[in-house]
Amino acid sequence: MMPTLLIGSFAGLMVVGVPLALVLAGAGIIYIWFVTELPMTIIAQRLYSGMDETTMLAIPLFIVAGFLMNETGLTRRMVIVARILLRRVYAGLAQVAVLVSMVFGGVTGAAAADIAAVGITMIPEMEKQGYKREFSTATITAASLMGAVLPPSIPFIIYGVQSGTSISDLFLAGIIPGVLIGVSVMIANAVVLKRAGFVEPGRTVAEILGEEKLLPALRDALVALMMPVVIIGGILIGVFTPTEAAAVAVLYALVVGLFVIRTLSVKSLTQVLVRSVTMTASIMLIVICSFVLNWALSYSQLPQLIARALLEVTDSRVMFLLIVLALLLVVGMPLDPVPALIIVTPILFPAALSFGVDPVHFGVVCVLSLTLGLATPPVGASLFVGMSIAKLSLHRLSVAIIPFLVALGVLTVFITFVPQVYSWLL
């Protein structure tokens, strides 16, 4: 009866369209009010405990760093340099889009931000070179999923806070899967374009540069590439924690924008801060409210009940992971990985431990599955971001992205059952 009230109140609030933050807090409050005899001050205590996490400082700082780097105009310079380097590679411009997404994924930590940063620049340019708009958008949408997996991955920070897993280990574990997402998209690019008989017109270095100078473009591209190196390298060698790395990333972006490239102004800096505050507030409100629900889940012992139920259904670790993959793919379609992880981690994490799944590996599986759901029709959240940027219909983009989803689905299953691919880094 007690877990039923918690599940019912959560589902009921979701069905009537209550905002997610209020759903998380509301379901917990209803449970505490009707089931427990505890004072309602426990709610205030849980909300405060949600804010009293130094690790959570990494989220707004990485968001600010990502917006700052995008505002400096480095995307266009990176595209120019990558096009020069890959001008003799088949479908070079499509592969450039993937590489640029990889770099921005190592700065923004979020898929939606990656699509916005790269799509606005790359989709029109790819159309000029003869690529179909739906193919260009599908490529960038699929490649943008690296942003949720590569460090500084915001979903990994959320999972680490929710489960108590080392965020540094999660960041390291995400490097190889993130890169493999990019490789998979590049292979899918080549296969799809070969089958379509596509031939990209060749361009000289001078034509690619246009009005740009080669050396300044190279300098700016190297500056952009250094940010993920600083973040990952600093964490890897133990110079700073993920939260400190986020602060270093903001400082780096400010120095680059104000003194190296000098493209940041007081007006643009103000706009960056406003956008960062808006995005941070929407994420943090959900995270803070989730602590009320998490406490109610713990009190009701619902996660333990689910773990026992799964153990009764199967004692196979392989079958458990397949169930998790299927469940999270469905959950990840309508929900961004951040709120999805907030909801599913407290429920599935105890079950994963019961089946002997390593906490870091389970985090990788969760983030990969939920990230794949972002680009899965008909309600994948990243699809709608790509549609709005490219002004495409859902049908056209859904058809174009299918080959990429097949490649990424195979990759997700492979990493789920062969964690040795990345675990040697830990």
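In what follows, residues are counted from 1 in the order of the sequence shown. Side chains included, hydrogens not; waters and symmetry mates left out as well; all remaining heavy atoms used.
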Please give me the minimum heavy-atom distance between [X] and [Y], naming the atom from each residue.
| X | Y | value |
| --- | --- | --- |
| Thr141 | Gly386 | OG1-CA, 4.2 Å |
| Ala253 | Leu68 | CB-CB, 3.7 Å |
| Thr376 | Leu372 | OG1-O, 2.8 Å |
| Arg317 | Gly356 | NE-O, 3.9 Å |
| Met102 | Leu150 | O-CD1, 3.5 Å |
| Met126 | Ala94 | CE-CA, 3.8 Å |

If a pair satisfies salt bridge (Lys or Arg N to Asp or Glu O under 4.0 Å) and one of its residues is in residues 266-284, list it, with sequence neighbours excluded.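 Matches after skipping sequence neighbours: Glu71-Arg275.
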Pairwise side-chain contact, [X] with [Y], heavy-atom cut-off 4.5 Å (strictly under):
| X | Y | result |
| --- | --- | --- |
| Pro359 | Leu353 | yes |
| Thr416 | Val324 | no |
| Leu325 | Leu329 | no |
| Cys366 | Thr345 | no |
| Leu170 | Ser153 | no |
| Thr412 | Ser369 | yes |
| Pro377 | Leu383 | yes |
| Met122 | Ser136 | no |

Those residues that, when tested against Glu127, pass salt bridge (Lys or Arg N to Asp or Glu O under 4.0 Å) (two or more places apart):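 Glu127: salt bridge (Lys or Arg N to Asp or Glu O under 4.0 Å) contacts with Arg133.
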Side-chain atoms of residues 10-30: list all donor-acceptor pairs with protein atoms under 3.5 Å, sequence neighbours left out, distances to 0.1 Å.
none

Report the C-alpha separation of Leu368 and Leu411 in whole Å, then their side-chain angles, then the decisive distance to 0.1 Å, and conclude whether the side chain to side chain contact (heavy atoms under 4.5 Å, CB included) test is met. CA-CA 9 Å; Leu368 279 175; Leu411 174 66; 5.8 Å; no
Please enumerate all residues that pass side-chain hydrogen bond (donor to acceptor under 3.5 Å, both in side chains) together with [X], with sequence neighbours excluded.
| X | answer |
| --- | --- |
| Thr165 | Ser163 |
| Tyr252 | none |
| Ser265 | Ser268 |

Distance in Å, [X] [atom1] paired with [Y] [atom2], rounded so as to fall on 0.5 Å steps:
| X | Y | atom1 | atom2 | answer |
| --- | --- | --- | --- | --- |
| Leu370 | Leu328 | CG | CG | 4.5 Å |
| Leu293 | Ile32 | CG | CD1 | 9.5 Å |
| Leu285 | Thr280 | CG | OG1 | 12.0 Å |
| Phe417 | Leu321 | CZ | CG | 5.0 Å |
| Ile158 | Leu341 | CD1 | CG | 7.5 Å |
| Tyr31 | Thr36 | OH | OG1 | 7.5 Å |

So, for Tyr131 and Phe198, is the gap between ring centers shorter than 6.0 Å?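 That pair passes the under 6.0 Å test.
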Please tabulate, for the side chains in residues 172-190, all donor-acceptor contacts under 3.5 angstrom to protein atoms that are two or more places apart in sequence or on a different chain.
unit_1, atom_1, unit_2, atom_2, d
Ser184, OG, Leu180, O, 2.8
Asn189, OD1, Thr139, OG1, 2.9
Asn189, ND2, Gln95, OE1, 3.0

Report the residues that fulfil ring pair (Phe, Tyr, Trp, His ring centres under 6.0 Å) with Phe355, sequence neighbours left out, ordered by chain and then residue number.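 Listed in chain order: Phe320.
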Could you check Trp295 against Tyr299 for ring pair (Phe, Tyr, Trp, His ring centres under 6.0 Å), going step by step and ending with a plain yes or no? CA-CA 6 Å; Trp295 185 90; Tyr299 189 91; 5.1 Å; yes
For Pro350, check side chain to side chain contact (heavy atoms under 4.5 Å, CB included) against everything at least two apart and list the hits.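 Checked Pro350 against side chain to side chain contact (heavy atoms under 4.5 Å, CB included); matches are Pro303.
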Output all residues satisfying side chain to side chain contact (heavy atoms under 4.5 Å, CB included) with Ser354, sequence neighbours left out; order by chain, then residue number.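 Ser354: side chain to side chain contact (heavy atoms under 4.5 Å, CB included) contacts with Ala307, Leu311.
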With ring pair (Phe, Tyr, Trp, His ring centres under 6.0 Å) as the rule and sequence neighbours excluded, what pairs involving residues 159-190 come up?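 Residue pairs with at least one partner in residues 159-190: there are none.
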Side-chain donor/acceptor pairs under 3.5 Å, residues 396-405, sequence neighbours excluded:
unit_1, atom_1, unit_2, atom_2, d
Arg396, NH2, Glu134, OE1, 2.7
Ser398, OG, Leu394, O, 2.7

